> 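Questions regarding the structure given below will be posed in turn.
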Amino acid sequence: MDATKFVALLLQGLVLFSVKVHEELDETTWQRMQERENEMDQEMVHMMQEMERRSQLHWKLVSMLLQQWPEEHGMMAWGAVLFAATAAVFVLLFWLCCWLRRKSPDPDSVCFRKISDASTYLAEEEDEEEEEGDVEGLKDVKQVERSAARHLRWPVQKMISRSREVKRMVNDLLQVLQERLSKNSLPVLQPAIGVGSAFEGWCPYEEDYIVYHLLVPMKPPRGHVFSLELETTETPAKDCRIRVGLKCTCIAHRILRFVRNSKRWLSWRKKKTLSLLDILCTQSYLDVEKVTCWFQGLVKEAWVALPQAREYELKVMSFSQRSCLLQLISEYRGPLNLQIMFGVQQGDTDIFFSSQTAEDTYTPSTIWKESYAVAEGKFFRHIARQVPRGSFHLRCLYFCSHLLDGTNITPYMLKTSVMHLLNTTPVTGWRKSNGTTQVAHILSFLKRCLEQKQLNHFFFGNSNMPKEITLTPHFETSEPLNLLENLVENPAAHARAMRQLKQLQKELAKGIY
């Protein structure tokens, strides 16, 4: 009976080990295989009963043979018995492995292959051939599989490494500029802040087309002050004019007491004021286009003084009058595209008034737009500290951004939807085993927003804001800002977006689930 128990324990351990190996599969797969697993359990019970019966007969025969053998042959008999038992165990184990292999899911089967393809993207990084595809043109399951295979490669590690390198080079450039401008009464350039999808870790664009966006905060020089004059608009988003004024110091007060009535002093102060304000201002307001032009004129000369100039050639691109687009070209590496924007912080909050604006709309050069890019990056860093393994939500966001490429759903709409889901659902659900479920939730959330014709901006009217993010009071009290407003005003575009999303959900259901 001891040998029988030993064999039974070995068989049980082997079965548990086999189940452990396949535990990594998708949860839906195991639900579909439940019936087959029950059949395996029943066959295992019958097999164990048969082994028990055969074992009893085996030991009876052995005891009869030992009683008939002479005493001097006892040692030889026991040796033969142990050899036979060992051989039987190995034969049974080999047979059980073959049996379990036949009962395991066929890796070549259609269902298993589709689930594996989906889980492979959401769990590992793979290198696949890139193919062009259009979401609206998906006609069958094979096209969905090709579209998924195209985006299996998730270049997050390389992107994060390059974003750090870019930020370091820009900060070195700003330090050189600030040292050269320290004796002049011009804006003080602060260290750059990486903003946008490339610095958040999910950039929706191909590697060669990634643009690294950096916001350079500006502070007033000594003796000056920036006054924010908010525009009264109907929408919660604010525009701002930045007035540049003179700030009197103690020394200035002393001088003023001695030469208050001096015409020479008044003439000098007028010339000094004009020389300061006319460089970057229009009618005492900080001018976006003048700031951009001023920075572009200084950057080439300062770049030559950096050690990185030996590896990268700097080109200033004429892309926009409101931001500075730089391209760093290396002989041994691909080009790096940088867009440098300028901004003024609103108090101690995470809100800036930035030079960036939509390129298809005209904005006066003295208008600075309210920017939430710094607060958005802070939100993603906050979530990364809570989500299991830190980055799986970005993998889902990256995957969905490529699926929606070519549709009327913009990357910012998708990003806002994921931010709402991350902020309202348990973060423990964003793990590898729930990948396909989370992708389905993201698309369902977008579809529901399209049906209701409403997708609220993440920061306006949102009372469930993480404490790490500092906003001004008007965000919580403002009415929600609808990001789908432009889409709703165009019924044809809205209908097309609904059609695209329904088709995508249908094909994903067939191709993944």
Side-chain angles (χ1 to χ4, degrees), residues 16 19-34 37 114-126 148 151-152 154-157 159-160 197 199-204 350 372 375-404 411-449 455-459 461-471 504-505 508-509 512-513:
L16 291 175
V19 174
K20 179 85 173 173
V21 169
H22 294 283
E23 231 174 27
E24 296 292 328
L25 292 177
D26 192 271
E27 185 178 352
T28 309
T29 309
W30 285 111
Q31 292 177 356
R32 294 183 177 182
M33 295 169 58
Q34 191 64 41
E37 189 174 347
K114 290 173 183 177
I115 294 175
S116 297
D117 289 344
S119 340
T120 299
Y121 166 71
L122 295 169
E124 301 174 356
E125 295 180 19
E126 300 257 352
H151 306 299
L152 286 180
W154 189 47
V156 64
Q157 296 300 331
M159 185 169 58
I160 290 176
S197 57
F199 285 92
E200 292 163 356
W202 65 277
C203 188
D350 296 317
Y372 328 102
E376 289 167 357
K378 207 169 182 179
F379 173 79
F380 277 102
R381 290 193 296 273
H382 163 75
I383 291 295
R385 292 191 292 268
Q386 303 182 46
V387 174
R389 303 186 67 176
S391 63
F392 189 73
H393 59 296
L394 299 177
R395 206 178 274 260
C396 294
L397 182 54
Y398 171 80
F399 181 53
C400 289
S401 68
H402 283 277
L403 287 179
L404 294 168
Y412 194 77
M413 293 177 186
L414 171 64
K415 172 183 172 179
T416 303
S417 301
V418 173
M419 290 173 70
H420 279 298
L421 290 173
L422 287 168
N423 201 41
T424 56
T425 59
V427 292
T428 54
W430 294 84
R431 60 177 70 248
K432 183 169 62 176
S433 58
N434 297 336
T436 52
T437 303
Q438 293 297 352
V439 170
H441 285 172
I442 294 171
L443 297 181
S444 297
F445 183 85
L446 278 170
K447 181 183 175 184
R448 189 161 61 250
C449 291
L455 173 59
N456 293 336
H457 194 283
F458 183 73
F459 293 111
N462 189 349
S463 58
N464 188 25
M465 192 62 58
K467 296 180 180 179
E468 289 84 349
I469 300 176
T470 306
L471 304 175
L504 181 59
Q505 283 185 308
L508 282 175
I512 293 182
Y513 293 105

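We use all heavy atoms of the structure for the numbers below, so side chains are in, but hydrogens, waters and symmetry mates are not. Here the structure is a predicted model, which is why all the values come from computation and not from measurement.
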> If the condition is side chain to side chain contact (heavy atoms under 4.5 Å, CB included), which residues does T470 pass it with, not counting sequence neighbours?
T349, D350
> Using the ring pair (Phe, Tyr, Trp, His ring centres under 6.0 Å) rule, take H441 and F445 through it: C-alpha gap first, then chi angles, then the decisive distance, then the call.
CA-CA 6 Å; H441 285 172; F445 183 85; over 10 Å; no
> To the nearest 0.5 Å, what is the distance between OG (S197) and OH (Y412)?
12.0 Å
> How long is the gap from SG on C400 to CD1 on I442, to the nearest 0.5 Å?
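Reported value, rounded in 0.5 Å steps: 4.0 Å.
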> Nearest 0.5 angstrom please: F392 CZ to L397 CG, how far?
12.0 Å
> Taking the six-membered ring for Trp, are F458 and F379 ring centroids under 6.0 Å apart?
yes
> Among residues at least two apart in sequence or on other chains, which ones pass side chain to side chain contact (heavy atoms under 4.5 Å, CB included) with T428?
P426, R431
> So which pairs with a foot in residues 415-430 pass salt bridge (charged side-chain N to carboxylate O under 4.0 Å, His left out), sequence neighbours left out?
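Found E200-K415, E376-K415.
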> Going from CD on E468 to CD1 on I383, what distance comes out if it is rounded to the nearest 0.5 angstrom?
9.0 Å
> Using 0.5 Å steps for rounding, measure from the CG atom of L471 to the CG atom of N462.
9.0 Å
> Going by heavy atoms in the side chains, are V387 and L394 under 4.5 Å from each other?
no
> Might you point out which heavy atoms bring C396 and Q438 nearest each other, and give the distance in Å?
SG-CB, 4.2 Å
> Has the side chain of H420 got a donor or acceptor atom that lies under 3.5 Å from a matching backbone atom of N456?
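A pair under 3.5 Å: yes.
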> If you look at every heavy atom in P411 and W202, which pair is closest and at what distance?
O-CH2, 3.9 Å
> Would you say S417 and L455 make side-chain contact, with heavy atoms under 4.5 Å?
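Answer yes - side chains close enough.
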> Taking N423 for its side chain and M419 for its backbone only, find out whether a donor-acceptor pair lies under 3.5 Å.
no
> Does the side chain to side chain contact (heavy atoms under 4.5 Å, CB included) test come out yes or no for R395 and F399, once each step is laid out?
CA-CA 6 Å; R395 206 178 274 260; F399 181 53; over 6 Å; no
> Looking at M159 and G201, what are the two nearest heavy atoms and their distance?
CE-C, 3.6 Å
> How long is the span from the CG atom in L404 to the NE2 atom in H402, to the nearest 0.5 Å?
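Reported value, rounded in 0.5 Å steps: 11.0 Å.
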> Apply side chain to side chain contact (heavy atoms under 4.5 Å, CB included) to residues F459 and I469 and explain how you reach the verdict.
CA-CA 10 Å; F459 293 111; I469 300 176; 4.3 Å; yes
